[in-house]
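Notes follow once the structure below has been shown.
Letters go in sequence order (proteins before strands), and every chain restarts at 1. For the numbers below, each heavy atom of this structure counts, side chains included, while hydrogens, waters and symmetry mates do not.
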Amino acid sequence: MGKEFFCRDPVLVAVDLLGKLLVSETTGARVSGMVVETEAYLGVNDRASHGYGWKRRKGSWPLFEDCGLTYVYPVHGKPLLNVTTAPPKEPTAVLIRALEPVEGVEIMAKLRRIEIRGERDLRKLCSGPARLAQALGIGLEHNGLDLSKGPIYFEEYRKPERVLTSRRVGVEYAGAFKDLPLRFLMDSPFVSRKP
DNA sequence: TGTGCGATGTCCT
DNA sequence: GGACATCGCACAT
């Protein structure tokens, strides 16, 4: 996906990312998964957003720089992957919350330091924002990368049959914005938790 | 320099 | 469904 894809309303980007293939070549090999869960963060008025009130924090510069960049930041010591959206220089973003593994399952398991015994164990690879970042070899050092270049990028893959929505996860503090339906999911067993 | 906590994950029952 | 390990950062002191 080129830059123009990301330079749109974060809600549109969050919905349209469902079914896309997230590819990472950060470890040299190609590893990928289909996006099945996203969340939109709306910027200066959204108390859950890292750009709330135009406030900045360490490493949040991509939010204020341009659309179509990675924004990787740590929560509970673990990196989470966002993509920055429009308008450029306004702090809006989409959090990637879960993937269905597609390519490089062996590599993912190694990076996650877990063993895959059966089909069910595949869900442990990328079903959660910190899990997928780890499985794709994405860390804080990949903050601010241009998604239209690499080594992290999106490709066309599938069209979701239907899109489910729910409130966002873990933003109870966000006041009026905490209950908005800004989480988007495919009907997939690989979501981080049921809506 | 200290303290509290989170856009989490894992293990246990 | 619940406890807790965890660690970088924001904010207070």
Compare side-chain N and O positions of [X] against OP1 and OP2 of [N] and report whether any pair is under 4.0 Å apart.
{"X": "A:Lys55", "N": "C:dC11", "result": "yes"}
{"X": "A:Arg131", "N": "B:dT10", "result": "yes"}
{"X": "A:Arg112", "N": "B:dT10", "result": "yes"}
{"X": "A:Arg183", "N": "B:dA7", "result": "no"}
{"X": "A:Tyr71", "N": "B:dA7", "result": "no"}

Original post:
Under the criteria of a ring-centre distance below 5.5 Å and an interplanar angle below 30°, is A:His76 stacked with the base of B:dG6?
Top reply: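 A stacking contact exists, since A:His76 sits close and nearly parallel to the base ring of B:dG6.
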Original post:
In the strands shown, is B:dT8 matched to any nucleotide by a Watson-Crick or G-U wobble pair with both distances under 3.5 Å, and which?
Top reply: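 B:dT8 is paired, partner C:dA5.
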**OP:** Could you let me know what C:dT13 is paired to, Watson-Crick or G-U wobble, both distances under 3.5 Å, or none if it's on its own?
**Re:**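 Pairing partner, where one exists within any strand: none, as none qualifies.
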Using atom [atom1] of [X] as one end and atom [atom2] of [N] as the other, report the distance to the nearest whole Å.
{"X": "A:Arg123", "N": "B:dG9", "atom1": "CZ", "atom2": "C1'", "value": "14 Å"}
{"X": "A:Arg113", "N": "B:dT10", "atom1": "CZ", "atom2": "C1'", "value": "15 Å"}
{"X": "A:Tyr73", "N": "B:dA7", "atom1": "OH", "atom2": "P", "value": "6 Å"}
{"X": "A:Glu172", "N": "B:dT8", "atom1": "CD", "atom2": "P", "value": "11 Å"}
{"X": "A:Leu132", "N": "B:dT8", "atom1": "CG", "atom2": "C1'", "value": "12 Å"}
{"X": "A:Tyr52", "N": "C:dA10", "atom1": "OH", "atom2": "P", "value": "17 Å"}
{"X": "A:Lys178", "N": "B:dG6", "atom1": "NZ", "atom2": "C1'", "value": "17 Å"}
{"X": "A:Tyr41", "N": "B:dG6", "atom1": "OH", "atom2": "C1'", "value": "11 Å"}

Just call it for [X]: base, sugar-phosphate, or nothing, with non-hydrogen atoms closer than 4.0 Å on any strand.
{"X": "A:Arg56", "value": "nothing"}
{"X": "A:Lys124", "value": "nothing"}
{"X": "A:Ala130", "value": "sugar-phosphate"}
{"X": "A:Lys58", "value": "sugar-phosphate"}

Is [Y] reachable from [X] through a run of hydrophobic residues whose side-chain heavy atoms are each under 4.5 Å from the next?
{"X": "A:Val72", "Y": "A:Met108", "answer": "yes"}
{"X": "A:Ile152", "Y": "A:Tyr157", "answer": "yes"}
{"X": "A:Val94", "Y": "A:Leu136", "answer": "yes"}

Original post:
Between A:Arg56 and A:Phe64, is NZ or CZ placed under 6.0 angstrom from the six-membered ring centre and within 45° of the ring axis?
Top reply: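 A:Arg56 over A:Phe64 ring: yes.
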Subject >> Same-atom distance (P) from B:dA7 to C:dG1, integer angstrom >> reply: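 Looking at atom P only, B:dA7 and C:dG1 are 22 Å apart.
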Original post:
Where the side chain of A:Arg57 is concerned, which of C:dA10, B:dA7, B:dT10 is the nearest nucleotide?
Top reply: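 That would be C:dA10.
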**OP:** Run the salt-bridge test on A:Asp16 and A:Arg8 with the 4.0 Å N-O cut-off and return the result as yes or no.
**Re:**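 Counted as a salt bridge, because a side-chain N and a carboxylate O are separated by less than 4.0 Å.
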Subject >> Salt bridge flag under 4.0 Å for residues A:Glu155 and A:Lys20 >> reply: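 Judged by the 4.0 Å cut-off on N to carboxylate O distance, A:Glu155 and A:Lys20 do not form a salt bridge.
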**OP:** Would you kindly compare A:Lys78 and A:Leu140 by the position of their nearest DNA chain C nucleotide and give the one closer to the 5′ end?
**Re:**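 Of the two residues, A:Lys78 wins.
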